[in-house]
Amino acid sequence: MNALLSVSDKTGIVEFAQALHALGIKLLSTGGTAKLLQEAGLPVTEVAEVTQFPEMLDGRVKTLHPKVHGGLLARRELPEHMAALKQHGIDTIDLLVVNLYPFEATVAKAGCTLADAIENIDIGGPAMVRSAAKNWKDVGVITSADQYEAVLAELKAGGKLSDKLRFALSVAAFNRIAQYDGAISDYLSSVTFEEEKLSEAYVPQRTLFPGQSNGIFTKVQDLRYGENSHQQAALYRDLYPAPGSLVTGVQLQGKELSYNNIADADAAWECVKGFDVPACVIVKHANPCGVAVGLDALSAYSKAFQTDPTSAFGGIIALNRTLDGAAAAQISKQFVEVLMAPDFTPEALEVFKPKANVRLLKIALPAHGGKTDWERGRNAMDAKRIGSGLLLQTADNHELAITELKVVTKKQPTLEEMEDLLFAWKVAKYVKSNAIVFCKGGMTMGVGAGQMSRLDSARIASIKAQHAGLTLQGTAVASDAFFPFRDGLDVVVDAGATCVIQPGGSMRDQEVIDAADERGVAMVFSGVRHFRH
């Protein structure tokens with residue numbers, strides 16, 4: 001048996017080659033891989049010796065040769081194929097170990113030049129991988145170090161690879177090639193070509209929206225059904241998921257997550273991640289029905305639950321602090337579908353052990369101080385599927401700074417009111433449009449979501465507060481988009497609001513400002529809206 005090893009990422013390759021050698025497998029290799037194996041004392045035949053043709057063009061040409069691809073592509077069960085190999089002195093290659101030039105890592109670096117990107121486009125590697133993967137019945141193709149263990153286990157047990165493993169390796173290989181080519185296409189399609197600036201040091205400008213989009217997702221699991229029981233569904237994740245994102249979580253107990261569970265859990269987790277202090281978010285049908293901050297998990301949950309106990313029934317709960325026994329005991333009194341936290345104490349887990357159907361998800365929060373959206377656990381882009389098309393946009397990751405606020409009324413908000421306004425604004429970002437959110441003391445007091453009329457959202461928020469036994473006197477209100485007329489402002493002030501935050505930007509802004517002055521309330525413009533459809 002012959003194995004050809006040619007890897008850019010050399011993690012574990014020496015140990016793997018040593019194991020192959022111990023099994024009597026002949027080793028072929030190229031360039032730096034061959035040198036590394038030779039330094040480890042392994043007998044290695046260089047590919048140039050097999051092809052009788054030297055590596056050339058700075059390594060661009062070394063494996064593109066019939067003695068390589070013939071050995072990979074020959075079908076062993078066809079006499080004419082084997083006769084052709086014999087006629088031309090070509091040996092079969094039974095095992096191919098290749099990982100590709102680090103194109104994705106290269107273009108991810110700040111200041112990556114076009115020349116660096118181009119030089120990291122692998123040619124020979126993908127060609128060999130495709131040849132071996134196509135001929136999977138006869139050749140095992142390894143494209144990742146995490147496959148070494150399974151391959152060695154079968155070789156040691158039976159001296160060859162099973163059809164099942166060779167096919168799985170082939171599928172993984174074609175997936176890797178698709179990922180690699182997609183990354184190259186995405187990068188090159190995003191480059192703004194400026195001929196007059198071309199040089200080895202040229203760092204190209206890149207558009208956010210490339211000429212072709214090649215989203216790559218890997219399946220996590222099939223789901224029992226989709227949004228409704230007659231629909232089928234599966235969960236996929238990004239090839240490189242952001243730290244602290246929902247798909248990085250670990251389910252500790254409970255039934256399998258459903259399509260709706262996952263969608264609602266994502267809404268809750270994305271919202272709760274935005275708070276630096278202990279916070280709790282309760283979501284029902286993709287909308288926050290209760291959000292609060294507190295001294296700890298228990299107080300944050302207790303306040304969030306007060307907003308709308310009716311909607312909280314069967315809801316999704318997210319906390320940004322470890323769930324302890326005290327908080328778990330309180331939460332366990334309500335019916336909850338999914339409960340998420342960065343961690344759970346042994347006491348908390350014990351509380352929920354009898355409630356085997358409750359899904360507990362442990363998700364590590366992203367590290368503080370991340371510079372990019374990805375490092376902060378946020379999607380950089382959002383997508384919406386339409387008929388035979390796709391809408392792409394940069395994600396709504398804007399975080400409002402107090403310096404961006406503009407007080408437009410005669411009355412200035414107090415420091416306490418300003419804190420409530422900022423809290424309400426943070427929540428409104430995650431409420432479906434049209435969104436109206438009443439808040440006070442670091443908790444939501446009434447939430448109106450998803451109505452065709454902003455007036456109706458305001459009225460619904462008031463009704464929700466009444467049903468929960470909460471008073472809206474002295475509350476702060478956030479509106480995700482501007483008030484087109486004064487009537488919306490009048491509704492929230494009639495309900496008890498003393499200050500309002502809205503984007504502004506309506507042709508009738510002055511009419512609404514005058515109404516706020518007339519009613520004696522403070523109003524702040526954010527300059528940014530948060531439509532969420």
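No donor-acceptor pair under 3.5 Å is formed between the side chain of Lys219 and the backbone N or O of Ala234. Using modelled atom types, no side-chain atom of Ser170 and backbone atom of Trp136 make a donor-acceptor pair closer than 3.5 Å. Counting only distance, with no hydrogens or angles, the side chain of Gln18 and the backbone of Leu42 share no donor-acceptor pair below 3.5 Å. Checking side-chain atoms of Asn357 against main-chain N and O of Lys255 turns up no donor-acceptor pair under 3.5 Å. Proximity of a side-chain donor or acceptor of Ser433 to a complementary backbone N or O of Ala435 within less than 3.5 Å is not detected. Asp9 places a side-chain N or O within 3.5 Å of a backbone atom of Thr11 that can act as its donor or acceptor partner. With hydrogens and angles ignored, the 3.5 Å screen pairs a side-chain donor or acceptor of Asp264 with a backbone N or O of Ala286. Judged by distance alone, with hydrogens and angles left aside, the side-chain atoms of Arg378 form no donor-acceptor pair with the main-chain N or O of Ala242 at under 3.5 Å. Counting only distance, with no hydrogens or angles, the side chain of Ser131 and the backbone of Leu73 share no donor-acceptor pair below 3.5 Å. Checked by atom type and distance alone, the side chain of Ser29 pairs as donor or acceptor with a backbone atom of Ala34 at under 3.5 Å.
More than 12 non-hydrogen atoms from other residues, nucleotides or ligands lie less than 6.0 angstrom from NZ of Lys67. Summarising the local packing, CZ of Phe174 is surrounded by more than 12 heavy atoms from other residues, nucleotides or ligands at distances under 6.0 Å. Within a 6.0 Å radius of NE2 in His81, other residues, nucleotides and ligands contribute more than 12 heavy atoms. Crowding of Lys10 atom NZ: a count of heavy atoms from other residues, nucleotides or ligands under 6.0 Å exceeding 12. More than 12 heavy atoms of other residues, nucleotides or ligands lie within 6.0 Å of CD in Glu80, so this atom counts as buried by the packing criterion. The neighbour count for Arg376 CZ, taken as heavy atoms of other residues, nucleotides or ligands under 6.0 Å away, is above 12. Around CD of Gln232, the count of heavy atoms belonging to other residues, nucleotides or ligands within 6.0 Å does not exceed 12. Heavy-atom contacts from other residues, nucleotides or ligands closer than 6.0 Å to CD of Glu149 number 12 or fewer.
Taking CE of Met1 as the start and NZ of Lys160 as the end, the distance is 9.5 Å to the nearest 0.5 Å. One finds the CG atom of Asp122 at 7.5 Å from the CE atom of Met128 (value rounded to the nearest 0.5 Å). Taking CD1 of Ile363 as the start and CG of Leu319 as the end, the distance is 11.0 Å to the nearest 0.5 Å. Within the model, atoms CG of Leu37 and CD of Glu46 stand 10.0 Å from one another, a figure rounded to the nearest 0.5 Å. In this structure, the separation between NZ on Lys426 and CD on Glu399 is 6.5 Å, given to the nearest 0.5 Å. In this structure, NZ in Lys35 is found 9.5 Å from CD in Gln38, a value given to the nearest 0.5 Å.
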Between Val139 and Arg76, is the side chain to side chain contact (heavy atoms under 4.5 Å, CB included) condition met? List the steps.
CA-CA 10 Å; Val139 182; Arg76 285 28 166 194; 3.9 Å; yes
Going through the distances and angles, do Val97 and Tyr148 end up as a side chain to side chain contact (heavy atoms under 4.5 Å, CB included)?
CA-CA 9 Å; Val97 186; Tyr148 293 166; 3.8 Å; yes
Verify side chain to side chain donor-acceptor pair (under 3.5 Å) between Asn397 and Asp373, making sure each step is shown before the conclusion.
CA-CA 8 Å; Asn397 292 330; Asp373 289 331; 3.2 Å; yes
Apply side chain to side chain donor-acceptor pair (under 3.5 Å) to residues Ser189 and Gln212 and explain how you reach the verdict.
CA-CA 6 Å; Ser189 295; Gln212 179 166 310; 5.9 Å; no
Would you please test Thr92 and Asp138 for side chain to side chain contact (heavy atoms under 4.5 Å, CB included) and show each step?
CA-CA 9 Å; Thr92 59; Asp138 296 310; over 6 Å; no
Determine whether Asn175 and Thr218 satisfy the following criterion, side chain to side chain contact (heavy atoms under 4.5 Å, CB included), listing intermediate values before the conclusion.
CA-CA 9 Å; Asn175 286 344; Thr218 60; over 6 Å; no
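Looking at Lys429 and Asp480, no side-chain N of the basic residue comes within less than 4.0 Å of a carboxylate O on the acidic one, giving no salt bridge. Salt-bridge formation is not detected for the pair Asp382/Arg532: no Lys NZ or Arg NE/NH1/NH2 atom is positioned less than 4.0 Å from an Asp or Glu carboxylate oxygen.
Every pair passing salt bridge (Lys or Arg N to Asp or Glu O under 4.0 Å) that includes a residue from residues 164-189 is listed here, sequence neighbours excluded: Glu104-Arg176, Asp163-Arg166.
Scanning both residues, Ser457 and Asn434, for their nearest heavy atoms gives OG-O, 2.7 Å. Here the closest heavy-atom approach between residue Ser479 and residue Trp425 is recorded as O-CZ3, 3.2 Å. Closest approach of Gln147 and Val141 over heavy atoms only: OE1-O, 4.3 Å. Taking both residues in full, the closest heavy atoms of Ala132 and Leu96 are given as CB-CD2, 3.7 Å, listed atom of the first, atom of the second, then distance. The shortest non-hydrogen separation linking Pro243 to Pro366 is O-CB, 3.5 Å. Taking every heavy atom of both residues into account, Thr322 and Pro342 meet most closely at N-CD, 4.3 Å.
A donor and an acceptor atom, one from each side chain of Asn214 and Ser185, are located under 3.5 Å apart. Looking only at atom types and distance, the side chain of Asp91 has no donor-acceptor partner in the side chain of Asn2 under 3.5 Å away. Checked by atom type, the side-chain pair Asn260/Ser258 shows no donor-acceptor distance below 3.5 Å.
Annotation: side chain of Val447 is not in contact with side chain of Cys289 (no heavy-atom distance under 4.5 Å). By the 4.5 Å heavy-atom criterion applied to side chains, Val151 and Leu161 are counted as neighbours. Pro204 places a side-chain heavy atom less than 4.5 Å from the side chain of Tyr187. The side-chain heavy atoms of Ile25 and Leu155, taken from C-beta on, include a pair separated by under 4.5 Å.
Residues that satisfy the ring pair (Phe, Tyr, Trp, His ring centres under 6.0 Å) test with His533, not counting sequence neighbours, are Phe531. Under the ring pair (Phe, Tyr, Trp, His ring centres under 6.0 Å) criterion, Tyr202 pairs with no residue at all, not counting sequence neighbours. Remark: Pro241 pairs with Arg237, Ser245, Val247, Thr248 by the side chain to side chain contact (heavy atoms under 4.5 Å, CB included) rule, at least two apart or across chains.
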Atom pairs and distances, donor-acceptor, side-chain atoms in residues 383-396, under 3.5 Å, two or more places apart:
unit_1 : atom_1 : unit_2 : atom_2 : d
Arg385 : NH1    : Gly389 : O      : 2.6
Asp396 : OD1    : His530 : ND1    : 3.4
Asp396 : OD2    : His530 : ND1    : 2.6

Distance-only donor-acceptor hits, side chain of residues 114-121, under 3.5 Å, sequence neighbours excluded:
unit_1 : atom_1 : unit_2 : atom_2 : d
Asp116 : OD2    : Thr113 : OG1    : 3.3
Glu119 : OE2    : Arg60  : NH2    : 2.2
Asn120 : ND2    : Asp116 : O      : 2.9

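Aromatic pair Phe344/Phe352: ring centres not closer than 6.0 Å.
The aromatic rings of Phe275 and Phe423 sit tilted relative to each other, their planes meeting at an angle between 30° and 60°.
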